[in-house]
Amino acid sequence: MKKNIFYAVLLLPFLGFSQTAQDTTATELSEVVISNKVPKKYTQLPNQVEVITAKQIDFQNFQSTAEMLSNSGALFVQKSQQGGGSPVIRGFEASRVLLTVDGVRMNNLIFRSGHLQNVITVDENMLENVGVFYGPSSTLFGSDALGGTVAMTTKSAKFLNETSKKFSGGINTRYGSVNEEKSVAFHLNYATANFASLTFFSFNDFGDLKMGKKKNHNGDYFGERPNYVSTVNGVDQLNVNSDKYTQVGSAYKQYNFMQKFAYKTNSGYLHGLNVQYSTTSDINRYDRLTEKTSSGLKFAEWYYGPQERLLAIYSLQKEKAFLNSDLKVNVAYQNVKESRHNRRFNNYNLQHNEENVDLFSVSLDLDKKFTKGELFYGFESYYETLKSTAYANNINTGVVTNINTRYPNGDNNMMRNDFYISYNEKMSEKTFWNVGARAGYTSLKSTITDNSVFALPFDGISQGNFTYSGTLGITHNTSKNFALKANVATGFRAPNIDDLAKVFESVPGSLSSLGTLIVPNEDLKPEKTITGDLGIVVQSDSKKIKLESTYFYTRLYDAIVTDDFTYNGQSIVNYNGFDAQVKANQNKGKAFVTGFSTNVSAYIISDLLFSANFNYTLGRVVEEGSQRPLDHIAPYFGKVGLSYTYNKLNLEGYMLYNGKKDISDYSTSGEDNAQYAPANGMPAWETYNFKAGFQVLNGGTLFAGVENILDTQYRVFASGINAPGRNIYGGIKYTF
């Protein structure tokens with residue numbers, strides 16, 4: 001790394017978090033409502049919370065929600081293909097990070113522990129804000145919130161007293177050169193005194209992604225695409241890529257729709273209907289399409305079918321409706337469809353695995369305000385079902401055969417029932433504290449109807465777990481310039497169908513030429529964590545300079561990790577025509593994750609804001625007195641930038657950076673995807689970026705920018721696709 005960048009990174013632990021040009025003061029952010037389970041002035045909370053506001057999202061104008069999160073500097077995001085993005089919080093990822101949309105959990109009974117792409121099904125243009133809750137937040141949000149929660153809130157339908165027009169709306173168009181992106185988003189709001197409607201639609205067309213062409217000074221050229229497979233007249237052919245920097249097979253399309261209705265009654269009730277739908281084209285699993293064999297490439301086809309998400313929420317709200325508490329009721333239905341399709345080169349049997357998940361939920365949230373405190377309490381119930389099917393067809397002859405399903409092919413269901421309570425109190429002008437608890441019961445049932453394809457030693461699984469968590473924290477302002485925060489919280493994650501019952505072919509590990517077969521293990525117990533946070537906040541009298549640093553230490557008990565196992569007494573079996581080493585998810589004792597994040601913002605002059613952050617995480621599995629790397633632990637990462645806002649002009653220049661991930665720090669479980677990294681691990685990298693927005697007329701804004709200005713070639717840790725090269729983008733946004 002260049003000396004000036006190296007020294008800047010060394011200084012970052014003493015600096016702090018970034019805010020963009022639209023963040024004028026800390027007070028402005030503290031009023032943002034990101035959840036109905038925390039105080040509006042969330043900065044009083046002792047646990048670490050960051051907010052990405054609508055203004056930030058609109059100005060940054062990223063291609064997807066995954067890109068928006070990864071460029072915030074607050075999160076690390078892994079990618080296996082262009083159409084994806086798996087958020088990582090404090091070394092926890094996928095099923096250990098909870099995703100919610102408008103208060104309803106997205107995590108379901110097949111959320112896996114590896115890498116997930118579900119976050120892209122929420123279009124960033126329809127978001128009002130995103131709250132990132134760091135550390136165990138199970139007390140507020142339930143199972144899976146071990147590393148944290150990403151709480152996404154969509155824009156609301158506005159009544160006439162909230163907008164000056166009966167009809168209002170806008171359109172946002174964008175073109176990006178790095179993948180020939182063509183995107184458009186449209187919304188229309190209809191408002192009366194008691195009725196409001198919001199309609200939203202967006203379309204994205206992403207071509208094959210171009211990687212950077214310039215050598216990363218921290219490593220050699222890596223990840224180029226010299227060959228790809230095409231099928232002509234039913235015959236697979238290995239083709240030479242005319243441009244090795246174009247990642248052939250990474251293109252996809254996406255459609256998003258949202259409709260909201262809101263109705264106020266004269267008696268004070270607020271009824272709401274919220275319908276969201278998202279779907280995509282087929283999305284190639286790019287990393288699998290690049291796997292090599294001695295004769296060329298391993299797979300001719302490996303793609304996800306359209307990733308469909310349907311969410312419908314009926315909500316009812318009323319102030320002081322029950323025991324002088326504000327009431328909110330959500331009744332929701334979700335349907336999620338996902339599928340996997342693959343065949344090997346010169347093998348013309350295309351395998352299809354299809355999953356159909358239905359989720360039914362009801363939640364009751366109550367908020368009671370006292371003179372000095374506020375009480376949040378309520379109940380949540382989720383019932384989920386899964387139908388798993390599989391077959392193979394010969395693409396030339398059409399012959400269809402049965403193959404093993406990814407999950408048991410009978411009835412699969414889970415039910416979660418939780419009660420929670422959280423109390424927050426301002427003890428004095430200097431001290432704020434909170435305490436909370438959650439208790440519930442989770443049941444799981446899974447049956448195998450047809451056990452003939454790959455015989456398992458049982459025909460069903462049934463499990464029940466009592467779950468619980470708690471939190472206690474305090475914020476003390478020793479002066480108007482200095483505050484201390486301390487928080488202790490526990491979290492839990494009940495095993496789901498993916499943990500207990502899947503049969504799954506994994507890719508070869510870095511230490512073995514054998515494939516890996518993950519088999520069911522019905523003896524899993526819930527994962528549990530306990531975390532201690534210690535934070536300091538230092539700010540100037542004017543609040544124009546602010547430094548915040550948080551240190552955390554997490555102990556993970558009964559950690560579910562993938563390790564060696566036996567099937568019918570054998571450690572190696574033949575599966576789908578190849579020898580595979582048997583592994584299974586197991587509770588492997590204890591693990592710990594520790595680290596810190598440091599954030600700063602400072603106005604150099606009234607309209608020029610400097611911001612920076614630095615995040616470091618270390619994770620280890622502790623077993624029989626020895627330690628080994630825990631999976632999903634990102635290298636240090638962060639963001640440094642300058643933003644300028646004056647009248648109708650917004651400018652921002654910033655650097656994103658990641659440290660090196662040495663191969664010795666990769667987990668042996670295979671989740672870190674060592675096979676998609678250089679031999680010595682993933683090199684450090686940094687990119688330089690510039691963005692601009694200018695209001696040219698009333699309601700009209702031109703925006704443009706250059707991302708990865710130096711066209712650096714690099715890949716994010718654990719990812720299977722190279723990051724975008726230089727991207728010149730532009731567009732126009734018009735609101736009326």
Side-chain angles (χ1 to χ4, degrees), residues 26-51 100 103 129 131-142 145 148-149 151 153 268 270 315-330 363-380 418-440 468-480 482-491 530-537 539 543 548 550:
T27 303
E28 178 184 332
L29 281 183
S30 69
E31 298 300 333
V32 176
V33 181
I34 52 178
S35 172
N36 60 319
K37 297 179 180 179
V38 297
K40 291 183 179 180
K41 292 186 177 181
Y42 76 92
T43 50
Q44 295 176 333
L45 292 175
N47 51 302
Q48 185 183 1
V49 182
E50 301 293 353
V51 171
T100 69
N129 55 63
V132 182
F133 294 78
Y134 294 82
S137 42
S138 293
T139 300
L140 289 178
F141 301 108
T149 297
T153 302
L270 175 61
S315 62
L316 177 67
Q317 299 180 60
K318 190 178 189 302
E319 294 182 356
K320 303 186 185 307
F322 176 75
L323 297 178
N324 208 34
S325 299
D326 296 343
L327 168 72
K328 182 173 183 180
V329 177
N330 272 351
S363 64
L364 174 68
D365 297 308
L366 295 130
D367 175 6
K368 183 176 177 62
K369 296 178 176 63
F370 299 92
T371 303
K372 291 186 176 182
E374 193 167 7
L375 178 69
F376 301 91
Y377 60 107
F379 169 78
E380 296 176 344
D418 288 354
F419 291 91
Y420 78 90
I421 186 170
S422 177
Y423 179 68
N424 307 272
E425 182 178 285
K426 186 176 181 180
M427 296 177 62
S428 68
E429 289 300 319
K430 292 186 175 182
T431 305
F432 181 93
W433 69 281
N434 82 308
V435 62
R438 176 180 287 256
Y468 55 90
S469 64
T471 183
L472 175 65
I474 188 169
T475 298
H476 180 64
N477 297 286
T478 60
S479 70
K480 63 181 180 180
F482 189 83
L484 289 173
K485 296 184 176 185
N487 190 68
V488 177
T490 64
I530 181 169
T531 295
D533 281 23
L534 180 63
I536 62 168
V537 180
Q539 61 185 0
K543 296 185 179 180
E548 183 171 0
T550 302

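We use all heavy atoms of the structure for the numbers below, so side chains are in, but hydrogens, waters and symmetry mates are not.
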Sequence-distant partners of T478, side-chain hydrogen bond (donor to acceptor under 3.5 Å, both in side chains), two or more places apart = none
Close side-chain approach of D533 and K485, heavy atoms under 4.5 Å = no
inquiry  = So S469 and T139, do their side chains get closer than 4.5 Å, heavy atoms only?
reply    = yes
Minimum-distance pair of heavy atoms, taken over all atoms of G473 and N487 = CA-OD1, 3.4 Å
request  = Measure across S315 and N330 and return the closest heavy-atom pair with its distance rounded to 0.1 Å.
outcome  = CB-OD1, 3.2 Å
message = How long is the straight-line distance from CG of L316 back to NZ of K328, given to the nearest 0.5 Å?
response = 10.5 Å
remark   = T550 meets the side-chain hydrogen bond (donor to acceptor under 3.5 Å, both in side chains) criterion, sequence neighbours left out, with none
key: Spacing of D367 atom CG and L375 atom CG [to the nearest 0.5 Å]   = 8.0 Å
message = Which heavy atom of D418 sits nearest to which heavy atom of G142, and what is that distance?
response = OD2-CA, 4.2 Å
inquiry  = Can you confirm whether L327 sits close enough to L364 that some side-chain heavy atom of one is under 4.5 Å from a side-chain heavy atom of the other?
reply    = yes
ask   = Does K372 make a cation-pi contact with F370, if we ask for NZ or CZ under 6.0 Å from the ring centre and within 45° of the axis?
value = no
message = Is any side-chain heavy atom of K368 closer than 4.5 Å to one of F322?
response = no
query = At what distance, to the nearest 0.5 angstrom, does CG of L323 lie from CG of L366?
reply = 8.0 Å
query = To the nearest 0.5 Å, how far apart are OG1 in T475 and CG in N434?
reply = 8.0 Å
remark   = Looking only at heavy atoms, the pair that brings A483 and N477 closest together is CB-OD1, 3.2 Å
message = What's the separation between atom CZ in F133 and atom CG in L45, rounded to the nearest 0.5 Å?
response = 7.5 Å
message = Which residues pass the ring-ring contact (aromatic ring centres under 6.0 Å, His included) test with Y423, not counting sequence neighbours?
response = W433
query = What's the spacing between F432 CZ and E425 CD if we round to 0.5 Å?
reply = 9.0 Å
request  = Identify the two heavy atoms, one from A486 and one from P46, that lie closest to each other, and give their separation to 0.1 Å.
outcome  = O-CB, 3.4 Å
request  = With sequence neighbours excluded, tell me which residues meet side-chain hydrogen bond (donor to acceptor under 3.5 Å, both in side chains) with E380.
outcome  = K37, R438
query = Have S137 and T149 got a donor and an acceptor in their side chains that come within less than 3.5 Å?
reply = yes
message = Counting C-beta onward and ignoring hydrogens, is there a side-chain heavy-atom pair between D365 and F376 closer than 4.5 Å?
response = no
message = For D326, give me all partners under side-chain hydrogen bond (donor to acceptor under 3.5 Å, both in side chains), at least two apart in sequence or on another chain.
response = K369
inquiry  = So, using ring-ring contact (aromatic ring centres under 6.0 Å, His included) as the criterion, who are the partners of F482 when residues are at least two apart?
reply    = none
